[in-house]
Amino acid sequence: MKLLSPAPLAPNAFHKTALSVNVNKVALLRNTRHLDIPSVRRAAELCLEAGAQGITVHPRPDERHIRPDDVFELAALMKDWPDREFNIEGNPFQNLMGFVHDLAARGLPLHQCTFVPDSEDQFTSDHGWNFPEDAERLRPLIAQVHDRRVRVSLFMDPVPEAMAAAKAVGADRVEFYTETYARAWGGPEKAEVLARFTRAGQAAAAAGLGINAGHDLNRDNLTEFVREVPGVLEVSIGHALIADALELGYAATVRSYLACIDRAFAPA
């Protein structure tokens with residue numbers, strides 16, 4: 001029997017932005033030896049204990065960081081945290097859909113699936129989906145994820161004109177690719193780049209999409225982004241957060257990022 005797809009969470013400028021910690025870089029360090037340290041599971045657990053609202057993984061086909069066993073172990077961990085979310089991201093034309101199917105078959109939680117247009121050998125995510133070019137091939141895969149009552153987010157560049165098209169193929173949210181903002185931070189182009197994300201956020205909200213964001217967000221640039229882009233429901237942060245954790249520890253680092261978000265919602 002086909003299940004109804006989940007209703008998208010409406011964008012809300014007064015909704016406190018959630019922090020989802022991407023633990024890929026913990027797995028990358030672990031994979032340099034055969035000792036199973038540092039523990040990806042323990043890293044996720046410590047971040048959740050410190051107040052992170054979610055855990056994100058991006059298992060690439062070459063398994064250079066997150067491996068299949070990590071995905072299932074972390075999903076099992078999330079059963080102990082029913083008020084938090086598990087987000088898996090990747091290319092649905094590679095290995096992502098297999099994880100979606102296997103998690104459902106094992107009865108393990110999955111709350112959000114983020115479609116990212118990576119190539120198999122790509123160093124890191126560096127662009128979003130294109131519309132209308134990608135529309136028809138994404139539509140049936142989004143429907144398959146919805147059949148499992150899982151939210152779908154599309155990794156997107158800040159192109160206001162593309163937001164209605166993303167909604168039309170069935171997406172519940174978009175995740176803005178924020179590297180252009182991070183590169184512009186502290187420079188003369190920052191205001192112009194940030195305004196582009198603000199306009200894209202307004203267009204997403206008008207289309208009925210929720211808004212996520214991620215890529216090179218850090219403790220310096222996070223507050224202003226969340227303050228200026230309307231209705232950001234979630235930020236997914238990995239590289240900078242794990243780098244900070246090497247100095248500060250997981251708990252202090254997560255609390256620091258949550259404080260950045262709090263400052264964005266504080267009265268002017």
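Note that the numbering runs from 1 along the sequence shown for the chain.
- By the 4.0 Å N-to-carboxylate-O rule, D172 lies too far from K167 to be salt-bridged with it.
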Start with the C-alpha distance between F176 and H215, add both sets of side-chain angles, then the distance that settles side chain to side chain contact (heavy atoms under 4.5 Å, CB included), and finish with yes or no. CA-CA 8 Å; F176 287 146; H215 208 91; over 6 Å; no

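- Here the side chain of R139 pairs a donor or acceptor atom with the backbone of A168 at under 3.5 angstrom.
- Listed for the W129 side chain is a donor-acceptor partner under 3.5 Å among the backbone atoms of F115.
- Under the 3.5 Å distance criterion, the side-chain polar atoms of T32 are left unmatched by any main-chain donor or acceptor of L28.
- Partners of R219 according to the side-chain contact (heavy atoms from CB on, under 4.5 Å) rule, which considers only residues two or more places apart in sequence or in another chain, are D244, L248, S256, Y257, C260.
- A salt bridge does not link E224 with R227: every distance from a Lys NZ or Arg NE/NH1/NH2 to an Asp or Glu carboxylate oxygen is 4.0 Å or more.
- Residues N91 and L96 form no side-chain contact, since every pair of their non-hydrogen atoms from C-beta on lies 4.5 Å or further apart.
- E234 CD to T56 OG1: the interatomic distance, rounded to the nearest 0.5 Å, is 5.5 Å.
- Listed by chain and number, the residues in a salt bridge (Lys or Arg N to Asp or Glu O under 4.0 Å) with R30 are D70 (sequence neighbours excluded).
- Looking at D62 and R64, a side-chain N of the basic residue comes within less than 4.0 Å of a carboxylate O on the acidic one, giving a salt bridge.
- The environment of E189 atom CD is sparse: at most 12 non-hydrogen atoms of other residues, nucleotides or ligands sit within 6.0 angstrom.
- Judged by distance alone, the side chains of H111 and R151 never bring a donor and an acceptor atom under 3.5 Å apart.
- In the model, S236 has no side-chain atom that pairs as donor or acceptor with a side-chain atom of S20 under 3.5 Å.
- Under the 3.5 Å distance criterion, the side-chain polar atoms of D134 are left unmatched by any main-chain donor or acceptor of P117.
- With T198 contributing its side chain and E228 its backbone, the two residues share a donor-acceptor pair below 3.5 Å.
- When side chains are defined from C-beta on, V235 counts as touching L19, because their heavy atoms get closer than 4.5 Å.
- A donor-acceptor contact shorter than 3.5 Å links the side chain of Y181 to the backbone of N221.
- G201 approaches I211 most closely through the heavy-atom pair O-CD1, 3.4 Å.
- The closest donor-acceptor contact from the side chain of R84 to the backbone of L48 lies under 3.5 Å.
- Between the side chains of N87 and T114, a donor-acceptor pair is found at a separation under 3.5 Å.
- In this structure, Q144 and M97 have side chains that are in contact, with non-hydrogen atoms separated by less than 4.5 Å.
- With rounding to the nearest 0.5 Å, the separation of CG in L241 from CG in L217 is 11.0 Å.
- Looking at N212 and Q112, their side chains do bring a donor and an acceptor atom within 3.5 Å of each other.
- The side-chain heavy atoms of L110 and F99, taken from C-beta on, include no pair separated by under 4.5 Å.
- Between F86 and V57, the closest side-chain pair of non-hydrogen atoms falls below 4.5 Å.
- Taking 4.5 Å as the limit, some side-chain heavy atom of K16 sits within range of a side-chain heavy atom of D262.
- Taking every heavy atom of both residues into account, T180 and Y177 meet most closely at OG1-O, 4.3 Å.
- Side-chain contact between N22 and E89 is present, with at least one heavy-atom pair separated by less than 4.5 Å.
- With sequence neighbours left out, R263 forms a side chain to side chain donor-acceptor pair (under 3.5 Å) with no residue at all.
- A distance-only check finds no donor-acceptor pair linking the side chain of T17 to the backbone of I261 [under 3.5 Å].
- Nearest heavy-atom pair, V100 versus C113, reported as atom, atom and distance to 0.1 Å: CG2-SG, 3.7 Å.
- Rounded to the nearest 0.5 Å, atoms CE (M78) and CD1 (I55) are 6.0 Å apart.
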Run the side chain to side chain contact (heavy atoms under 4.5 Å, CB included) test on V150 and V145 for me, step by step, so that the C-alpha distance in whole Å, both residues' side-chain angles and the decisive distance to 0.1 Å come before the verdict. CA-CA 6 Å; V150 175; V145 177; 3.5 Å; yes

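- Counting heavy atoms from C-beta on, the side chains of F131 and M156 come closer than 4.5 Å.
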